[in-house]
Amino acid sequence: HMKFARTPDDRFTNLPDWPYEPHYTEVSAGDGTSNTLRVAHHEGGPKDAKTTVLLMHGEPSWSFLYRKMMAIHIAAGHRVIAPDLIGFGRSDKPLQTTDYTYERHVAWMNEWLNKNDFTGMTFVGQDWGGLIGLRLVTANVNRFDRIVVANTGLPLATREPSDAFRAWQKFSQEVPVFDVGMMMSGGSKTELAPEVIAAYNAPFPDESYKSAARIFPTLYPDGVDHPSNIANTKAWEVLHAWNKPLLTAFTDGDPITQGGHKTFQLEVPGAKGQAHTLISGGGHFLQEDKGEEFAAVVNAFIAANPV
């Protein structure tokens, strides 16, 4: 029986540039009971917009990461949906690190996506938002018109991640206090304002709320027999046949995902002839460092590839 924490609402009052109210969806806990967990998402723009931009965050952030971009997508007439992964933001937070697996994260968000019946989507994913989100896209091909990948990947047993990722993985498990605000600062080239750091810390009143954040780096799938590597191999088969538009918008300053854009450009048919960009001067969290530029790139990609 999965026990979870729910961050008090008052932790989320008066956040900078964040006028969005949470919308909640119940999904199966996945613990073999009828228990449910609450997934939060934030949205803006017209519900009947032709394009819905799905913005997916990773570790250890939440939808707030996309605040600079959301306003720009909405201004372009798009609908924007930004979910918080289970364990993050305003979504419920199972308390045991063993409650989390890569496949459970995929299952939770897949049920969320289908319950909300979102369609006409342009996917935008960074960090674990890509590792999880690309699984949603490949399992729900008809819901998605376009893919944007930024400082992310879709792992396979045959591809070893960067040394920087392995170092982060080790650090994350050994550090006594998991300082989320500090980690967000460390992954950004720009100086984050104190109120922005506070907003990244908001979901976590104390260490007991941080099981998801703490364990996430270890969920990276290693070994050919890892269930997620088996599932990702099937997902790559879908990507190898993906003829709809795919854009890479990585930064030149992220040691964790450096060079990962090449795989998508070489292996996904829909990447051919697109205006791929390597955004200069951004760190791992390009939404912080180059959010306006990244949003403009996404809007231009949508405009250049009408459905």
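Along the sequence shown, residues are numbered consecutively beginning with 1.
- The ring of Phe64 has its center closer than 6.0 angstrom to the ring center of Tyr200.
- Side-chain atoms of Tyr66 and Glu288 form no donor-acceptor pair, as typed in the model, at a separation below 3.5 Å.
- None of Leu136, Val137, Val124 except one satisfies the side chain to side chain contact (heavy atoms under 4.5 Å, CB included) rule with Met56; the exception is Leu136.
- Just one of Asn35, Asp31, Thr33 meets the side chain to side chain donor-acceptor pair (under 3.5 Å) condition when paired with His1; it is Asn35.
- At distances below 3.5 Å, at least one donor-acceptor pair connects side-chain atoms of Thr251 with backbone N or O atoms of Gly283.
- For Lys3, the side chain to side chain donor-acceptor pair (under 3.5 Å) test picks out no residue, with sequence neighbours left out.
- Using a distance-only test at 3.5 Å, with no hydrogens or angles considered, no donor-acceptor pair links the side chain of Thr257 to the main chain of Gly260.
- Residues Thr190 and Asp289 have side chains that bring a donor and an acceptor to within less than 3.5 angstrom of each other.
- Judged purely by atom type and a 3.5 angstrom limit, Ser162 uses its side chain to pair as donor or acceptor with the backbone of Ile256.
- When Lys68, Glu292, Gln126 are each tested for a side chain to side chain donor-acceptor pair (under 3.5 Å) with Gln287, only one passes: Gln126.
- Asp252 contributes a side-chain N or O that, together with a main-chain N or O of Gly281, makes up a donor-acceptor pair within less than 3.5 Å.
- Between His41 and Phe118, the ring center distance clears the sub-6.0 Å criterion.
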Donor-acceptor contacts, no H, no angles, side chain residues 171-180, under 3.5 Å, sequence neighbours left out:
{"unit_1": "Ser172", "atom_1": "OG", "unit_2": "Trp168", "atom_2": "O", "d": "3.4"}
{"unit_1": "Ser172", "atom_1": "OG", "unit_2": "Gln169", "atom_2": "O", "d": "2.7"}
{"unit_1": "Gln173", "atom_1": "NE2", "unit_2": "Arg214", "atom_2": "O", "d": "2.7"}
{"unit_1": "Glu174", "atom_1": "OE1", "unit_2": "Lys170", "atom_2": "NZ", "d": "3.2"}
{"unit_1": "Glu174", "atom_1": "OE2", "unit_2": "Lys170", "atom_2": "NZ", "d": "3.0"}
{"unit_1": "Asp179", "atom_1": "OD1", "unit_2": "Gly181", "atom_2": "N", "d": "3.4"}
{"unit_1": "Asp179", "atom_1": "OD1", "unit_2": "Met182", "atom_2": "N", "d": "3.0"}

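- Classification of the Phe250-His261 ring pair by plane angle, with boundaries at 30° and 60°, yields tilted.
- In this structure, Asp10 places its CG atom where more than 12 heavy-atom neighbours from other residues, nucleotides or ligands lie under 6.0 Å away.
- By the 6.0 Å contact criterion, CG on Asp206 is enclosed, its count of non-hydrogen atoms from other residues, nucleotides or ligands being greater than 12.
- With sequence neighbours excluded, the residues that form a salt bridge (Lys or Arg N to Asp or Glu O under 4.0 Å) with Asp92 are Arg6.
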**Item:** Audit row: Thr152, Asp127, side chain to side chain donor-acceptor pair (under 3.5 Å) steps and yes/no
**Value:** CA-CA 5 Å; Thr152 190; Asp127 192 85; over 6 Å; no
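- In this view, Ser185 satisfies the side chain to side chain donor-acceptor pair (under 3.5 Å) rule with no residue, not counting sequence neighbours.
- Legend: residues meeting salt bridge (Lys or Arg N to Asp or Glu O under 4.0 Å) with Glu59, ordered by chain and number and at least two apart, are absent.
- Under the side chain to side chain donor-acceptor pair (under 3.5 Å) criterion, His73 pairs with Asn299, not counting sequence neighbours.
- The backbone N or O of His57 sits nowhere less than 3.5 Å from a side-chain atom of Trp62 that would complete a donor-acceptor pair.
- For the residue pair Asn305 / Gln274, a side-chain donor-acceptor distance below 3.5 Å is found, with atom types taken as modelled.
- For Lys210, the salt bridge (Lys or Arg N to Asp or Glu O under 4.0 Å) test picks out Glu207, with sequence neighbours left out.
- Contacts of Ala193 classified as side-chain contact (heavy atoms from CB on, under 4.5 Å), with partners at least two apart in sequence or in another chain: Glu195, Val196.
- Judged by distance alone, with hydrogens and angles left aside, the side-chain atoms of Thr97 form no donor-acceptor pair with the main-chain N or O of Ser211 at under 3.5 Å.
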**Item:** Trace of the ring-ring contact (aromatic ring centres under 6.0 Å, His included) decision for Phe216 with Tyr100
**Value:** CA-CA 8 Å; Phe216 226 153; Tyr100 299 92; 7.8 Å; no
**Request:** Show your working on salt bridge (charged side-chain N to carboxylate O under 4.0 Å, His left out) between Asp48 and Arg79 and close with a plain yes or no.
**Result:** CA-CA 8 Å; Asp48 62 349; Arg79 185 185 189 189; over 6 Å; no
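- Salt bridge present: Arg143 and Asp117 bring a charged side-chain N and a carboxylate O closer than 4.0 Å.
- Side-chain atoms of Asp145 never come within 3.5 Å of backbone atoms of Thr122 as a donor-acceptor pair (strictly under, hydrogens ignored).
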Residues 230-243, side-chain donor-acceptor partners within the protein, below 3.5 Å, at least two apart:
{"unit_1": "Asn232", "atom_1": "OD1", "unit_2": "Arg135", "atom_2": "NH1", "d": "3.1"}
{"unit_1": "Asn232", "atom_1": "ND2", "unit_2": "Tyr102", "atom_2": "OH", "d": "3.2"}
{"unit_1": "Asn232", "atom_1": "ND2", "unit_2": "Pro155", "atom_2": "O", "d": "3.0"}
{"unit_1": "Thr233", "atom_1": "OG1", "unit_2": "Asn229", "atom_2": "O", "d": "2.7"}
{"unit_1": "Trp236", "atom_1": "NE1", "unit_2": "Leu154", "atom_2": "O", "d": "2.9"}
{"unit_1": "His240", "atom_1": "ND1", "unit_2": "Trp236", "atom_2": "O", "d": "3.2"}
{"unit_1": "His240", "atom_1": "NE2", "unit_2": "Glu267", "atom_2": "OE1", "d": "2.7"}
{"unit_1": "Trp242", "atom_1": "NE1", "unit_2": "Lys244", "atom_2": "O", "d": "2.8"}
{"unit_1": "Asn243", "atom_1": "ND2", "unit_2": "Ala241", "atom_2": "O", "d": "3.4"}

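- Looking at Arg67, its side chain never comes within 3.5 Å of a backbone N or O of Asp17 through a donor-acceptor pair.
- Counting only distance, with no hydrogens or angles, the side chain of Asp99 and the backbone of Gln96 share a donor-acceptor pair below 3.5 Å.
- Residues satisfying the salt bridge (Lys or Arg N to Asp or Glu O under 4.0 Å) criterion with Asp222, sequence neighbours excluded, are Arg166.
- Within a 6.0 Å sphere centred on NZ of Lys262, heavy atoms belonging to other residues, nucleotides or ligands number 12 at most.
- Taking the ring pair (Phe, Tyr, Trp, His ring centres under 6.0 Å) definition, one finds that Tyr20 meets it with Trp18, sequence neighbours left out.
- Under the rule for a side chain to side chain donor-acceptor pair (under 3.5 Å), the partners of Asn140 that lie at least two apart in sequence or sit in another chain are Asn110, Asn114.
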